[in-house]
Amino acid sequence: MSKQHTIDSLDTLVRLRSTEVERLQAELAKQEKTRARYQASVDKLMELAEGSGPSGAPAAARPLSPALAVNCGAYKQAVFALADVHRTDLHLHVANMAVSQRNLNQAWTRRELLGKVLEKHEAAFAREQERGQRKREDDIATQSWLAGRTA
């Protein structure tokens, strides 16, 4: 396999790894938006539950009938239960985001390592090309010098 073919192959791999990193970054950004929605939902549910007052009525309201107090209490319990479900989903989603972040870090590391290998191969190939060019120039100079001596 020629050095240029190796460099081309490594370049292709680096571009593929870059595409993978970009895809994982986009996925993580999408997950962050979902996390923000979960958090906003939990916050809003807690506002609803707390805004209904300790007995289920706003603090400035007049006393409630027992049936209305029971109804408000049931409402508050339902809102707290829903908030707990959303909070659990949020925690699971954050755990999935941590896995995605770890996958992104690994993909980025693989891309960087391949990039360094590519740079080394390109530098070695450039040195080899430069050496060959200097040798050709030296050969031409030697031939020219020898031709000048014999003339």
Side-chain angles (χ1 to χ4, degrees), residues 1-140:
M1 184 185 290
S2 72
K3 288 206 182 251
Q4 186 61 47
H5 183 70
T6 301
I7 289 172
D8 291 343
S9 296
L10 283 170
D11 185 53
T12 301
L13 283 173
V14 168
R15 281 188 278 123
L16 287 172
R17 295 289 185 216
S18 294
T19 302
E20 179 185 13
V21 167
E22 290 167 4
R23 181 186 59 78
L24 290 171
Q25 285 172 333
E27 179 183 318
L28 195 60
K30 183 178 172 184
Q31 288 178 344
E32 175 56 30
K33 287 180 183 178
T34 302
R35 186 208 60 77
R37 282 194 310 272
Y38 272 122
Q39 187 62 53
S41 175
V42 168
D43 293 343
K44 189 64 177 174
L45 286 169
M46 294 310 295
E47 278 180 37
L48 286 172
E50 291 168 1
S52 64
S55 65
R62 59 189 169 84
L64 295 176
S65 69
L68 192 54
V70 169
N71 189 26
C72 289
Y75 165 79
K76 202 167 192 175
Q77 280 184 324
V79 172
F80 279 135
L82 186 58
D84 284 341
V85 168
H86 279 261
R87 203 173 289 114
T88 300
D89 290 345
L90 174 62
H91 290 304
L92 291 173
H93 186 71
V94 168
N96 285 339
M97 284 180 66
V99 170
S100 294
Q101 182 66 50
R102 189 172 51 247
N103 291 340
L104 174 61
N105 291 343
Q106 290 171 348
W108 185 84
T109 301
R110 285 191 301 267
R111 184 196 63 195
E112 289 300 309
L113 289 174
L114 273 175
K116 291 195 182 300
V117 169
L118 174 61
E119 288 174 12
K120 286 181 182 181
H121 279 274
E122 288 174 331
F125 185 67
R127 283 192 307 271
E128 186 179 301
Q129 296 286 49
E130 187 179 319
R131 234 179 284 137
Q133 182 63 29
R134 277 197 315 261
K135 183 174 180 350
R136 283 188 292 280
E137 290 170 358
D138 288 348
D139 289 345
I140 291 170

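All of these numbers come straight from a predicted model, not from anything done at the bench.
Here the straight-line distance linking atom OG of Ser41 with atom CZ of Arg87 works out to 10.0 Å at 0.5 Å rounding. Note that CG of Leu13 is 11.5 Å distant from CG of Asp8, once rounded to the nearest 0.5 Å. Taken to the nearest 0.5 Å, the CZ atom of Phe80 stands 4.5 Å off from the CE atom of Met46. To the nearest 0.5 Å, atom CD of residue Glu20 and atom CD of residue Gln25 are 11.0 Å apart. Taking CG of Leu118 as the start and CG of Leu113 as the end, the distance is 12.5 Å to the nearest 0.5 Å. With rounding to the nearest 0.5 angstrom, the NE2 atom of His86 is 13.5 Å from the NE2 atom of His93.
The two atoms that bring Val14 and Gly115 nearest to each other are CG2-N, 3.7 Å, heavy atoms only. Of all the heavy atoms in Val79 and Ala49, the pair that sits closest is CG1-CB, 3.7 Å. Contact between Asn103 and Leu24 at its shortest, heavy atoms only, is O-CD1, 3.7 Å. Nearest heavy atom pair, residue Val21 against residue Arg111, reads CG1-NH1, 3.9 Å.
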From CA spacing to verdict: side-chain contact (heavy atoms from CB on, under 4.5 Å), Leu48, Tyr75: CA-CA 10 Å; Leu48 286 172; Tyr75 165 79; 3.8 Å; yes
Check against side-chain contact (heavy atoms from CB on, under 4.5 Å), Asp43 and Gln39: CA-CA 6 Å; Asp43 293 343; Gln39 187 62 53; 3.0 Å; yes
Test log, rule salt bridge (Lys or Arg N to Asp or Glu O under 4.0 Å), inputs Glu32 and Arg35: CA-CA 5 Å; Glu32 175 56 30; Arg35 186 208 60 77; 2.8 Å; yes
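Under 4.0 Å is where a charged nitrogen must lie from a carboxylate oxygen, and between Arg127 and Glu130 no such pair does. The pair Arg136-Asp139 fails the salt-bridge criterion, with no side-chain N (NZ, NE, NH1 or NH2) lying under 4.0 Å from an Asp/Glu carboxylate O. Between Glu112 and Lys116, no side-chain nitrogen of the basic residue sits less than 4.0 Å from a carboxylate oxygen of the acidic one, so the salt-bridge criterion is not met.
Side-chain polar atoms of Glu137 and Gln133 form a donor-acceptor pair below 3.5 angstrom. Side-chain contact of Thr34 with Arg37: a donor-acceptor pair under 3.5 Å is present, judged by distance alone.
In this structure, the side chains of Lys3 and His121 stay at 4.5 Å or more apart for every pair of heavy atoms.
Applying the salt bridge (Lys or Arg N to Asp or Glu O under 4.0 Å) rule to Glu22 yields no partners; only residues at least two apart in sequence or on another chain are considered.
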